[in-house]
Amino acid sequence: MSDLPDFERLAQAASAAGLATSPSELHGVICGLLATGHGQEDATLLGILSAHAEQPQGLGADLGGDLMEWRDAAREGFAGTGLELVLLLPGDEEELGLRVAALGQWAEGFLVGFGTGAAGINDSQLSPGVQEALSDLSAISQVSTPEDDDEEQEQLLEQVTEHCRVSALMIYTDLVMKPAAKPDQAPSKPTRH
C-alpha cells in the first residue's frame with residue numbers, strides 16, 4: 001500500500017488534467033466495477049473513468065497509470081482477506097470536512113461503478129444484504145460536511161469509512177466470489193448397472 005500514489009498526488013494530476021472529479025470518486029468507480037466482476041481490462045476501465053470524468057480525450061498517461069495501480073491494489077484487496085482493501089481518501093492530516101466529502105464522493109463513485117458493472121441485473125436478483133449495502137452507500141454519498149471538527153466526528157468518520165469498505169467487500173463476495181465458487185453444474189451421480 002505504501003508505494004501507491006497518494007491522494008494528494010492524484011488530486012494534483014486530476015487538477016492538472018482539468019478534471020472536476022476527485023480521485024476518491026474515481027477510485028469508487030473502480031471498486032464498484034470490481035465488485036461486479038468488471039474493470040479488469042485497462043483500456044475499458046480507462047474509457048469508463050474518462051467518460052465518468054467527462055474527459056473524452058482521456059485522463060492522461062500519469063493519472064491513468066496511477067489509477068491502474070490503485071485498481072490493481074483494490075483487486076488484490078478484494079481477492080485477499082479483505083483487510084488489504086484500502087479506500088483512496090485524503091490523509092488523516094487533512095481537515096475533517098475534506099475527508100468526509102471525499103468519503104461521500106467515493107461512495108457515489110462506487111454506486112456509479114456498480115451500476116455500470118451490474119447493468120442488466122434487476123434489483124430483485126440482488127440479495128437483501130447487497131440491497132442494504134447499496135442503500136447505505138447511497139446514504140453515505142449524500143453526507144454533509146460536519147460543523148464540528150472534534151474527536152467524536154473523527155471516530156464517526158472512521159466507522160463510516162470501515163462500513164463503506166465492508167459493504168464493498170460484501171458486495172464483491174456476493175456477486176463475484178460466491179458465483180465463482182459454485183460449480184457450473186452439479187456432478188452427475190454414477191450410473192449403476
Q) Can you list every side-chain hydrogen bond (donor to acceptor under 3.5 Å, both in side chains) pair that touches residues 110-127, not counting sequence neighbours? A) S127-D174
Answer yes or no: is there a donor N or O on one side and an acceptor on the other, between the side chain of [X] and the main chain of [Y], under 3.5 Å?
X	Y	result
H38	T36	yes
W106	V29	no
S167	H163	yes

Q.
For a salt bridge (charged side-chain N to carboxylate O under 4.0 Å, His left out) check, start with the C-alpha distance between E84 and R75, then their side-chain angles and the critical distance, and finish with the verdict.
A. CA-CA 10 Å; E84 301 86 15; R75 187 169 43 197; over 6 Å; no
Q) Around E54, counting heavy atoms of other residues, nucleotides and ligands shown, do more than 12 lie under 6.0 Å from its CD? A) no
Q) Do the side-chain N and O atoms of Q153 and Q155 include a donor-acceptor pair separated by under 3.5 angstrom? A) no
Q. Excluding sequence neighbours, so at least two apart, what forms side chain to side chain contact (heavy atoms under 4.5 Å, CB included) with E132?
A. D136
Q.
For E69 versus P5, what's the shortest heavy-atom pair and its separation?
A. OE1-CD, 3.4 Å
Q | Side-chain heavy-atom pair M170, V130 within 4.5 angstrom cut-off | A | yes
**Q.** Residues forming a ring-ring contact (aromatic ring centres under 6.0 Å, His included) with Y172, sequence neighbours excluded
**A.** F78
Q) Would L19 and L63 satisfy side-chain contact (heavy atoms from CB on, under 4.5 Å), going step by step from the backbone distance to the final call? A) CA-CA 11 Å; L19 270 70; L63 181 58; 3.8 Å; yes
